[in-house]
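Heavy atoms only: backbone and side chains are in, while hydrogens, waters and symmetry mates are out. The chain is numbered in sequence order, starting from 1.
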Amino acid sequence: MEEQRIGILGGTFDPIHCGHLVAAEAARERFRLQRVIFIPTGIPPHKEPATVTDFWHRYLMVALAVLTNPYFDVSRLEYERGGITYTVDTMRQLREIYGTAAELFFITGSDTILEIFGWKEPEQLLSLCKFIVAVRPGFDMHFVEKVLGKYYRTRVYPLEMPQLGISSSDIRRRVREGRSIRYLVPEAVEAYIRRERLYVASKG
């Protein structure tokens, strides 16, 4: 049986935007991933739940965003597990689902990977999956290597990609201010945000 190579892209996705999609597609192509699973966070450990949009809105926006890419899926895994959602627990669960033969690649950004030793059970997490770190061209990975030490060359792989400068917080602010978000999110996601009147009121 052919070994599975699966990418995992987690986040609050509040909302999902084109930067997420570009990173996922670049990782899929560069690392020959058979699929990329987007996993919207249930209850993120570092954010006040009241400041995060309801899970089902975030989940449906991701579902709309990945609909036309046959290599992309969306999962309710963290929501269904309940409680505060830690990445290490999610990767353990995925390891149980896909078995030890599957290669799991967690896709993240350079800023996030630098914080990994502040996460729950970081060394266990590093043993459960490999990391694809999206960086802008010319980014010096020296700091990432220094932070991750012995794990750097075997568990972490840089992925150069264009810096799009898109953020969910900027999109929420633009909606509150009545400004355009065209081309920052897929059309279906923009339509959903307008129809459900998301981000009109301030939630942070």
Quick one: do the Asp14 and Ser168 side chains pair a donor with an acceptor below 3.5 Å?
-> no
Taking the side chain as C-beta and beyond, is there a heavy-atom pair between Glu123 and Phe117 under 4.5 Å?
-> yes
Decide yes or no for Val175 and Leu198: does some side-chain heavy atom of the first lie under 4.5 Å from some side-chain heavy atom of the second?
-> no
Give, for atom CD of Glu78 and atom CZ of Phe55, the distance between the pair rounded to the nearest 0.5 Å.
-> 8.5 Å
Under the side-chain hydrogen bond (donor to acceptor under 3.5 Å, both in side chains) rule, collect the residues that match up with Tyr79, sequence neighbours excluded.
-> Trp56
Without placing hydrogens or testing angles, list every side-chain donor-acceptor pair under 3.5 Å for residues 105-114, not counting sequence neighbours.
none

Taken in chain and number order and not counting sequence neighbours, the residues that satisfy side-chain contact (heavy atoms from CB on, under 4.5 Å) with Ala65 are Ile16, Leu21, Pro186, Val189
Check side-chain hydrogen bond (donor to acceptor under 3.5 Å, both in side chains) between Glu190 and all other residues, then give those that pass, not counting sequence neighbours.
-> none
Before giving the answer on side-chain contact (heavy atoms from CB on, under 4.5 Å), spell out for Met61 and Val185 the whole-Å C-alpha distance, their side-chain angles and the decisive distance to 0.1 Å.
-> CA-CA 10 Å; Met61 286 190 285; Val185 298; over 6 Å; no
Check whether any side-chain heavy atom of Ile8 lies under 4.5 Å from a side-chain heavy atom of Met91, and answer yes or no.
-> yes
Sequence neighbours left out, what passes side-chain contact (heavy atoms from CB on, under 4.5 Å) with Glu96? Give chain and number order.
-> none
Arg58 (side chain) donor-acceptor with Thr12 (main chain) under 3.5 angstrom | yes
Please list all pairs passing the salt bridge (charged side-chain N to carboxylate O under 4.0 Å, His left out) test where one or both residues lie in residues 30-43, with sequence neighbours left out.
-> Arg35-Asp73
Over 12 non-hydrogen atoms of neighbours within 6.0 angstrom of CZ in Arg195 = yes
Quick note, side chain to side chain donor-acceptor pair (under 3.5 Å) partners involving residues 124-135, not counting sequence neighbours, are Glu103-Lys130
If you measure from CG on Leu33 to CD on Gln4, what distance do you get to the nearest 0.5 Å?
-> 11.5 Å
CG of Leu9 to CD1 of Ile39: how many Å apart, nearest 0.5 Å?
-> 9.0 Å
Using the test side-chain hydrogen bond (donor to acceptor under 3.5 Å, both in side chains), find all partners of Glu160 that sit at least two apart in sequence or belong to another chain.
-> none
Would you please name every residue forming a ring-ring contact (aromatic ring centres under 6.0 Å, His included) with His20, sequence neighbours left out?
-> Phe13, His17
Only one of Ile97, Ile37, Leu94 passes side-chain contact (heavy atoms from CB on, under 4.5 Å) with Ile6; say which it is.
-> Ile37
Whether His57 and Tyr192 hold their rings parallel, tilted or perpendicular, with breakpoints at 30° and 60° | perpendicular
Heavy atoms, side chains only, cut-off 4.5 Å: are Arg176 and Val200 in contact?
-> no
Can you tell me if Gln34 uses its side chain to pair, donor with acceptor, with the backbone of Arg5 under 3.5 Å?
-> yes
Do Arg155 side-chain atoms and Cys129 backbone N/O form a donor-acceptor pair below 3.5 Å?
-> yes
Evaluation steps, side-chain contact (heavy atoms from CB on, under 4.5 Å), between Tyr157 and Phe131 | CA-CA 6 Å; Tyr157 304 96; Phe131 285 78; over 6 Å; no
Shared hydrophobic cluster, Tyr98 / Leu128 (ILVMFWY, side-chain heavy atoms < 4.5 Å) = yes
Run the side-chain contact (heavy atoms from CB on, under 4.5 Å) check on Tyr71 and Val36 step by step: do they pass?
-> CA-CA 6 Å; Tyr71 300 103; Val36 177; 5.9 Å; no
Residues at least two apart in sequence or cross-chain that pass side-chain hydrogen bond (donor to acceptor under 3.5 Å, both in side chains) with Thr41, listed by chain then number, are none
For the pair Arg172 and Thr53, evaluate side-chain hydrogen bond (donor to acceptor under 3.5 Å, both in side chains) and give the outcome as yes or no after the intermediate values.
-> CA-CA 11 Å; Arg172 296 195 299 271; Thr53 301; over 6 Å; no
Show your reasoning for whether side-chain contact (heavy atoms from CB on, under 4.5 Å) applies to Glu121 and Tyr86.
-> CA-CA 9 Å; Glu121 301 179 49; Tyr86 294 100; over 6 Å; no
Atom pair CD (Glu25) and CZ (Arg28), whose distance is rounded to the nearest 0.5 Å = 4.0 Å
CG-CD1 distance between Asp89 and Ile84, expressed to the nearest 0.5 angstrom | 10.5 Å
Do Asp170 and Ile181 have side-chain heavy atoms sitting under 4.5 Å apart?
-> no
Nearest 0.5 Å, what's the OG1-CD distance between Thr85 and Gln93?
-> 11.0 Å
For Tyr183, enumerate each residue passing the side-chain contact (heavy atoms from CB on, under 4.5 Å) test, keeping only those at least two apart in sequence or located in another chain.
-> none
Quick one: list whatever passes salt bridge (charged side-chain N to carboxylate O under 4.0 Å, His left out) with Arg95, sequence neighbours left out.
-> none
Does the side chain of Pro15 reach to within under 4.5 Å of the side chain of Ile193, using non-hydrogen atoms?
-> yes
Side-chain contact, heavy-atom cut-off 4.5 Å: Val66 with Val62?
-> yes
Provide the closest heavy-atom pair for Pro158 versus Phe31 in the form atom of the first, atom of the second, distance.
-> O-CZ, 3.9 Å
Is it the case that one hydrophobic cluster holds both Tyr59 and Leu67, taking links as side-chain heavy atoms less than 4.5 Å apart, direct or via other members?
-> no
Take atom CD of Glu187 as the centre, draw a 6.0 Å sphere, and report whether it contains more than 12 heavy atoms from other residues, nucleotides or ligands.
-> no
